[in-house]
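Please read the structure below before turning to the comments.
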Amino acid sequence: MGQDVEISGVSMRFNEVYAVRDINVHIQAGEFFSFLGPSGCGKTTLLRLVSGFMDPSEGQIKIGGKDMCKIGSNNRPTAMIFQNLALFPLMTVAQNIGFGLEVRHVAKAKREKKVEELIELVDLYGTGDRMVSELSGGQKQRVAIARALAVNPAVLLLDEPLSALDLRLRNHMRAELRNIQRRTDVTFIYITHDQTEALTMSDRVGVMSIGKLEQVAKPDIIYNTPKTAFVASFVGESNIVDGDIIRIDGDYALLKTAAGSFFGKNPQHMDKGETATIFIRPETVFLATDSHAENRLTCRTKTISFEGAYAVVTLATEQGQIFTMRLNNDGSVPRIEEGETIKVRFNRENAFLLKDGGTSIA
Amino acid sequence: MRDFWNTALKDLGKIGVAYILITVGVWVVFMILIPQLIMFDYSLRPMLPLRDIGGPKDVWTLKNYMVFFTNRLHMAIFFKTIWSSLIVTVTALTICYPIAFYLAKVARGAKIGLLMLGLIIPYWINELLRLFAWQIILADMGILNQFLIFLGIIADPINFRMGNGAVILGMTYAYILFMVFPIYNVMESLDRNQLDAARDLGASWLRIHYKIVMPHAKPGIAVGCTMTFMLAAGTVAAPQLLGSPSSFWFTQVINTNFECANWNLGAAYATVLMLLCVVFMFMMLKLFKVGLKELTQ
């Protein structure tokens, strides 16, 4: 059974440089939680703090309500799956999986039974006597998962374990991981820089910028209502335009930009006169008809890249602002040619005005 | 094999390949094979006055070897040399394993360079001089005795150079690098994540070493032990300078034979010592389940 992980006020300094700073998050028991962020954002540091490979400079980590301070990684109810898997190359698959049990002095018969069960769980029948070097990438992955699960961890920590796999296998392993998590009910903390991975697998996602936790929410909320400019620009694609707020209209605000004035949601409750950035997802940009007056742009189509199910159209406004639009290939859209001048629009509900926190990676 | 030659020819050209083959060939034949064969030939012939050499009495015989196997004192010295060399090897391994591990997996940055330097600096000085230094340290009125007397731990100087202690100490010191570097080399290639993984799965430090580090370091340990043993069994300087006059080493016996102009007997003794070292090497390979190929890596 999984346990909850409570990270409160955790900071980690290396020579006065903060790798992570004041992280607060409560991960529920049995949850699949992902930390999503670019490389160097401190997510691996955070994972190593939870696993006990290092102690935080400040703050507290509780697992199952118990303070983990001064408890070494060998005595925590966690198990880690490393980015490079770190399988033991001189041992067979069964020895790898049984390692944690062996060092815990579990009797041989019991150990063998458990290893057998795990081999079954991760779908590795008949490979027990093989050396790990003889296995394929996907099989190695499964050995790593089984080895970690063998010690009955309450929390499984995964450090980008799928990054070495090819796309097809990665997709397959995502489903598999999710499946194993549901079957075992262990709390999964997953680290990744791949937003698709985080969004597809997780119950909740924590987006991290440089050392900071920007937003914690369900995947669809992260995508649809980003709380900061960093989240909006890091997760998914966006059209990004800078400007000044010239009017407040309830939850919305009007932003004056070089390409025109646009209404968007104002979740940070900024005031008139403040500088802000508007984020508009390409799939929320549509062709405009004359009846739409608000959030309308006249553009020239620069390139059209046809992807099958949809087409990505790159547009340029008169002022040179580049816009991307994603048109579904459902027959409802008239054919457009490159070089044609068209009118596009977006709804104010689908646009976000956010303060540029200085961490935007547009 | 054909691929190997083709690549070599392509990369080095005919002249390059010929140069390498000839230099290696000359080295192997003239520096290794011929001297060994001459020594082996010597060991099988009786010692004769100059005029009889090449004459009817100059025939192959095992007499020299029989001398060794019937001389109980020399046999005893031989076994003592094996035993002492083993002690040197085990002592060096005990000291060097933690050093190598620290260097390879714990120390970072400038610390590694500093430690390496500390290990290497003594080797800038000739081996004989280093042994003389130990002689000075261990002498009756040497630094160590004076220090112990100064501290009041002992009243009279201890004769450290009685027996084999000083020789074993000096040798261990002399061959530390030959043990550290092979082990350090293999440990360097050990993925740190494996240590973390083992730790994470609940293994104690002792277990991690026993189950992960040592198996990985096996080839290095085998190389280090073989080198140290051979050097210890084969050196004449350390026992000459640090040993007590009453306690001979096998190399000294060989040396004496050559000095007494009985090269044939000396050659036979040297051959016995060489065979011992070869046997020891294969025993190490067997013990550590390492192949000859891995040993050379």
Side-chain angles (χ1 to χ4, degrees), chain A residues 14-15 44 47-54 71-92 95-106 111 115 118 131-132 140 143-153 155-161 164, chain B residues 97 100-102 104-112 114 182-224 284-295 297:
Chain A
F14 296 107
N15 303 324
T44 298
L47 203 68
R48 294 180 74 85
L49 288 170
V50 176
S51 70
F53 292 131
M54 32 193 193
I71 295 180
S73 57
N74 52 337
N75 290 320
R76 291 195 183 189
T78 59
M80 175 127 152
I81 295 177
F82 292 78
Q83 187 162 17
N84 68 354
L85 305 182
L87 297 176
F88 306 128
L90 301 174
M91 300 182 195
T92 63
Q95 284 170 333
N96 261 282
I97 297 174
F99 182 85
L101 301 170
E102 195 191 334
V103 300
R104 273 153 216 240
H105 308 288
V106 174
R111 198 165 78 213
V115 169
L118 283 161
M131 300 304 282
V132 286
K140 283 182 188 165
V143 177
I145 296 166
R147 185 179 71 174
L149 289 174
V151 297
N152 277 334
V155 182
L156 197 67
L157 309 167
L158 303 98
D159 186 4
E160 305 209 29
Chain B
Y97 180 90
F101 182 75
Y102 182 82
K105 286 281 134 338
V106 183
R108 278 159 200 258
K111 249 191 206 158
I112 300 176
L114 219 64
I183 302 179
Y184 167 74
N185 266 339
V186 287
M187 279 186 181
E188 259 250 281
S189 65
L190 176 64
D191 174 16
R192 207 181 296 257
N193 280 343
Q194 281 189 28
L195 304 180
D196 282 343
R199 184 95 183 130
D200 191 49
L201 291 169
S204 62
W205 279 117
L206 220 60
R207 277 267 177 171
I208 292 173
H209 278 276
Y210 180 64
K211 299 286 292 188
I212 311 290
V213 186
M214 281 202 203
H216 180 86
K218 253 177 13 188
I221 295 175
V223 171
M284 290 311 282
L285 294 183
K286 194 105 188 139
L287 183 68
F288 287 103
K289 297 196 184 72
V290 184
L292 256 182
K293 211 175 138 207
E294 283 174 79
L295 198 67
Q297 272 166 359

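Below, each value reflects all heavy atoms present in this structure, side chains not excepted, and no hydrogens, waters or symmetry copies.
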With 3.5 Å as the limit, can you list every donor-acceptor pair between chain B and chain A, backbone and side chains included?
| unit_1 | atom_1 | unit_2 | atom_2 | d |
| --- | --- | --- | --- | --- |
| B:Asp191 | OD2 | A:Asn84 | ND2 | 2.8 |
| B:Asn193 | ND2 | A:Asn84 | OD1 | 3.0 |
| B:Gln194 | NE2 | A:Leu87 | O | 3.2 |
| B:Asp196 | OD2 | A:Arg48 | NH2 | 2.6 |
| B:Asp200 | OD2 | A:Met80 | N | 2.5 |
| B:Leu201 | O | A:Arg104 | NE | 3.1 |
| B:Leu201 | O | A:Arg104 | NH2 | 2.9 |
| B:Lys211 | NZ | A:Glu102 | OE1 | 3.4 |
| B:Lys211 | NZ | A:Glu102 | OE2 | 2.8 |

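Only the backbone of A:Leu87 comes within contact range of chain B, judged by heavy atoms closer than 4.5 Å.
In this structure, the separation between CG on B:Leu201 and CZ on A:Phe88 is 5.5 Å, given to the nearest 0.5 Å.
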